[in-house]
*Asks:* 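Attaching a single structure in structure tokens format; questions to follow.
Quick note: residue numbers are just sequence positions, from 1. Source: prediction; values computed, not measured.
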Amino acid sequence: QVQLVESGGGLVQAGGSLRLSCAASGRTFNSYAMGWFRRAPGKVREFVAGVNWSGINTYYSDSVKGRFTISRDNAKNSMYLQMNSLSPEDTAVYYCAAKGGGGSRSPDDYDYWGQGTQVTVSS
């Protein structure tokens with residue numbers, strides 16, 4: 001089992017950057033595929049980015065590709081999301097999630113979730 005805690009959210013102007021972190025407890029962090037998801041007001045939770053257990057394979061939603069970068073540091077039991085060129089459309093609560101096995105874009109496939117961190121982008 002793993003517990004996840006996000007941090008790094010906040011208020012930023014359009015065009016700015018933020019770096020989200022996800023700290024994981026447990027000794028088996030490197031056995032989990034990880035993902036970032038977000039939920040904007042009035043919308044369903046959507047996939048943002050994913051990374052496999054080693055950090056070598058990464059994948060992104062079309063809406064963030066080229067602007068966001070996902071990474072992980074298994075030695076620190078941590079995952080990150082570097083977000084650049086932010087726009088008001090990126091405003092949402094961002095969640096990190098973990099799953100056994102391979103990665104997935106579906107939130108239904110993930111077993112563990114953090115509590116979320118708010119990202120607000122002003123125009």
*Asks:* Can you pull out every ring-ring contact (aromatic ring centres under 6.0 Å, His included) where at least one residue sits in residues 1-34? Sequence neighbours excluded, please.
*Replies:* Tyr32-Tyr112

*Asks:* Check whether Glu6 reaches the backbone of Cys96 with its side chain - one donor and one acceptor, N or O, closer than 3.5 Å.
*Replies:* yes

*Asks:* Is it true that a side-chain atom of Thr91 and a backbone atom of Val121 form a donor plus acceptor pair closer than 3.5 Å?
*Replies:* yes

*Asks:* On a heavy-atom basis, which atom in Asp111 and which in Gly100 lie closest, and how many Å separate them?
*Replies:* OD2-N, 3.5 Å

*Asks:* Between the side chains of Ser104 and Ser106, is a donor N or O closer than 3.5 angstrom to an acceptor N or O?
*Replies:* no

*Asks:* State which residues pass salt bridge (Lys or Arg N to Asp or Glu O under 4.0 Å) with Lys76; sequence neighbours excluded, sorted by chain then number.
*Replies:* none

*Asks:* Just by distance, do the side chain of Trp36 and the backbone of Tyr80 share a donor-acceptor pair under 3.5 Å?
*Replies:* yes

*Asks:* Write down the atom of Val2, the atom of Ala98, and the distance for their closest heavy-atom approach.
*Replies:* CG1-CB, 4.1 Å

*Asks:* If you link I, L, V, M, F, W and Y whenever their side-chain heavy atoms are under 4.5 Å apart, who else ends up in the same group as Phe47?
*Replies:* Phe37, Tyr59, Val93, Tyr95, Tyr110, Trp113

*Asks:* Less than 4.5 Å apart, any side-chain heavy atom of Leu4 and any of Met34?
*Replies:* yes

*Asks:* Tell me, do Val51 and Met79 make a side-chain contact under 4.5 Å, heavy atoms counted?
*Replies:* yes

*Asks:* If I compare all heavy atoms of Ala33 with all of Arg72, which pair ends up nearest, and what's the gap?
*Replies:* CA-NH1, 4.2 Å

*Asks:* Indicate every side-chain donor-acceptor pair of residues 14-21 with a distance under 3.5 Å to a residue at least two apart or in another chain.
*Replies:*
| residue | atom | partner | partner atom | Å |
| --- | --- | --- | --- | --- |
| Ser17 | OG | Asn84 | OD1 | 2.9 |

*Asks:* Could you pull out the closest heavy-atom pair between Phe68 and Val48, with the gap in Å?
*Replies:* CD2-CG1, 3.7 Å

*Asks:* Considering only residues two or more places apart or on different chains, which pairs with a residue in residues 43-52 satisfy side-chain hydrogen bond (donor to acceptor under 3.5 Å, both in side chains)?
*Replies:* Arg38-Glu46, Asn52-Ser54

*Asks:* If you look at every heavy atom in Val119 and Gly9, which pair is closest and at what distance?
*Replies:* CG2-CA, 4.1 Å

*Asks:* Rounded to the nearest 0.5 Å, how far apart are OG1 of Thr28 and CG of Asn74?
*Replies:* 10.5 Å

*Asks:* Taking side chain to side chain donor-acceptor pair (under 3.5 Å) as the test, write out the residues that go with Ser25, two or more places apart.
*Replies:* none

